[in-house]
Student: 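Quick one: the structure is below, and I'll ask about it shortly.
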Amino acid sequence: MSDLDLAEELRAAIGDFVRRARVHDEMPPGQAAVLGHLARSGPLSIADLARLEQVKHQSMARTVGLLADQALVALGRHDADRRQVMLTLTTAGADALASARLARAAGIARAIRDLDDDELEVIRRIPEVLRKLQPAEPERASTTRS
């Protein structure tokens, strides 16, 4: 199997795994992603979140509005640029994120119980190996001049 074939198998398997792990999620993925960014980074602007999630500002503003309506984020103003809306994770938002993560982890833990010892040994190594896999930038054609 070539590296490219292996990479495609890995990509497909990870995609399938993520979809199956999220099947019972109660929070939409876009909202969970925003809460996750705020939990990791602290307060962020709507523009920052849109860049991180690679969506348009208007789409992120809609997601932020839904989160604010649920009191999962608090809206404030940037200290230096009062035009910018800054989002902060609320206690309710942190609790909702923790609950969603725990529910997903519990589902995976139940599936792990069905594995044999050899499979468990492989599973124990997967997080470390995946953290080492950082997709390389696409190769670009050389533009040297003579």
Side-chain angles (χ1 to χ4, degrees), residues 1-68 70 72-76 78-81 84-145:
M1 177 181 284
S2 73
D3 288 351
L4 188 57
D5 291 336
L6 178 59
E8 174 54 22
E9 284 290 316
L10 182 61
R11 184 206 59 75
I14 290 171
D16 290 345
F17 174 79
V18 168
R19 279 187 292 283
R20 286 191 310 269
R22 288 185 171 164
V23 74
H24 299 293
D25 284 359
E26 294 180 12
M27 182 182 301
Q31 291 181 27
V34 168
L35 296 181
H37 286 302
L38 294 173
R40 287 185 298 279
S41 302
L44 293 168
S45 70
I46 293 174
D48 292 335
L49 288 164
R51 275 191 295 278
L52 287 167
E53 286 298 299
Q54 299 178 346
V55 298
K56 294 185 183 206
H57 189 280
Q58 294 84 350
S59 296
M60 184 54 66
R62 204 169 19 258
T63 299
V64 165
L66 293 169
L67 291 169
Q70 298 170 71
L72 301 178
V73 298
L75 306 179
H78 191 281
D79 292 335
D81 183 353
Q84 282 192 48
V85 175
M86 296 298 291
L87 280 75
T88 305
L89 187 65
T90 64
T91 301
D95 291 347
L97 181 62
S99 176
R101 288 176 172 171
L102 181 60
R104 190 176 302 151
I108 296 167
R110 284 189 296 278
I112 286 173
R113 291 185 200 122
D114 294 334
L115 301 178
D116 64 32
D117 289 342
D118 290 338
E119 292 168 326
L120 278 172
E121 187 54 39
V122 170
I123 293 297
R124 285 187 183 99
R125 298 204 54 225
I126 287 175
E128 172 191 347
V129 173
L130 285 177
R131 286 186 181 99
K132 289 180 181 180
L133 283 180
Q134 296 298 319
E137 291 292 321
E139 291 184 19
R140 299 192 179 160
S142 177
T143 56
T144 58
R145 295 182 191 194

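Bear in mind the structure is a predicted one, so any value in this text is a computation, not a measurement.
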Student: Quick one: list whatever passes salt bridge (charged side-chain N to carboxylate O under 4.0 Å, His left out) with D116, sequence neighbours left out.
Tutor: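 Testing D116 for salt bridge (charged side-chain N to carboxylate O under 4.0 Å, His left out), a comparison that skips the adjacent residues, returns none.
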
Student: Scan L67, L44, L38 and name whichever one has a side-chain contact (heavy atoms from CB on, under 4.5 Å) with L87.
Tutor: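 When side-chain contact (heavy atoms from CB on, under 4.5 Å) is applied between L87 and each of L67, L44, L38, only L38 qualifies.
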
Student: For E53, check salt bridge (charged side-chain N to carboxylate O under 4.0 Å, His left out) against everything at least two apart and list the hits.
Tutor: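 Applying salt bridge (charged side-chain N to carboxylate O under 4.0 Å, His left out) to E53 gives none.
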
Student: Quick one: does E9's side chain get under 4.5 Å of D5's, heavy atoms only?
Tutor: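 In short, these two side chains do not touch, never coming nearer than 4.5 Å.
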
Student: Rounded to the nearest 0.5 Å, how far does CD1 of I108 lie from CZ of R104?
Tutor: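 That separation rounds to 7.5 Å.
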
Student: Considering only NZ, NE, NH1 and NH2 on the basic side and carboxylate oxygens on the acidic side, decide whether E128 and R131 come within less than 4.0 Å.
Tutor: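 Looking at R131 together with E128, the answer is no, because their closest N to O distance does not fall below 4.0 Å.
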
Student: Determine whether a donor-acceptor pair (N or O, by modelled atom type, separation under 3.5 Å) exists between the side chain of E121 and the backbone of D117.
Tutor: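 No; zero donor-acceptor contacts below 3.5 Å.
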
Student: Keeping to residues at least two apart or across chains, list the side-chain hydrogen bond (donor to acceptor under 3.5 Å, both in side chains) pairs with something in residues 38-49.
Tutor: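 Counting only pairs at least two positions apart or across chains, the side-chain hydrogen bond (donor to acceptor under 3.5 Å, both in side chains) contacts touching residues 38-49 are H37-R40, S45-D48, D48-R51.
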
Student: Taking CD in E119 as the centre, count heavy atoms belonging to other residues, nucleotides or ligands within less than 6.0 Å. Is the count above 12?
Tutor: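 Count over threshold, so yes.
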
Student: Can you list everything that forms a salt bridge (charged side-chain N to carboxylate O under 4.0 Å, His left out) with E26? Sequence neighbours excluded, please.
Tutor: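 Per chain and number, E26 pairs via salt bridge (charged side-chain N to carboxylate O under 4.0 Å, His left out) with no residue.
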
Student: For a quick test of reading the model, state the closest non-hydrogen atom pair linking M60 to V55 and the distance between them.
Tutor: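 For M60 and V55, the tightest heavy-atom pair comes out as CE-CG2, 3.8 Å.
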
Student: Can you tell me if CG on D16 sees more than 12 non-hydrogen neighbours from other groups inside 6.0 Å?
Tutor: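 For D16, atom CG is crowded (more than 12 foreign heavy atoms under 6.0 Å).
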
Student: Excluding sequence neighbours, so at least two apart, what forms salt bridge (charged side-chain N to carboxylate O under 4.0 Å, His left out) with K56?
Tutor: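 Salt bridge (charged side-chain N to carboxylate O under 4.0 Å, His left out) list for K56, sorted by chain: empty.
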
Student: Going through the distances and angles, do V85 and V64 end up as a side-chain contact (heavy atoms from CB on, under 4.5 Å)?
Tutor: CA-CA 10 Å; V85 175; V64 165; 5.7 Å; no

Student: Is the closest side-chain heavy-atom distance between L133 and L130 below 4.5 Å?
Tutor: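 In short, these two side chains touch, coming nearer than 4.5 Å.
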
Student: I'd like a table of donor-acceptor pairs (distance under 3.5 Å, sequence neighbours excluded) in which one partner is a side-chain atom from residues 88-101, with atom names and distances.
Tutor:
{"residue": "T90", "atom": "OG1", "partner": "A71", "partner atom": "O", "Å": "2.7"}
{"residue": "T90", "atom": "OG1", "partner": "L72", "partner atom": "O", "Å": "3.0"}
{"residue": "T90", "atom": "OG1", "partner": "A92", "partner atom": "N", "Å": "3.4"}
{"residue": "T90", "atom": "OG1", "partner": "G93", "partner atom": "N", "Å": "3.0"}

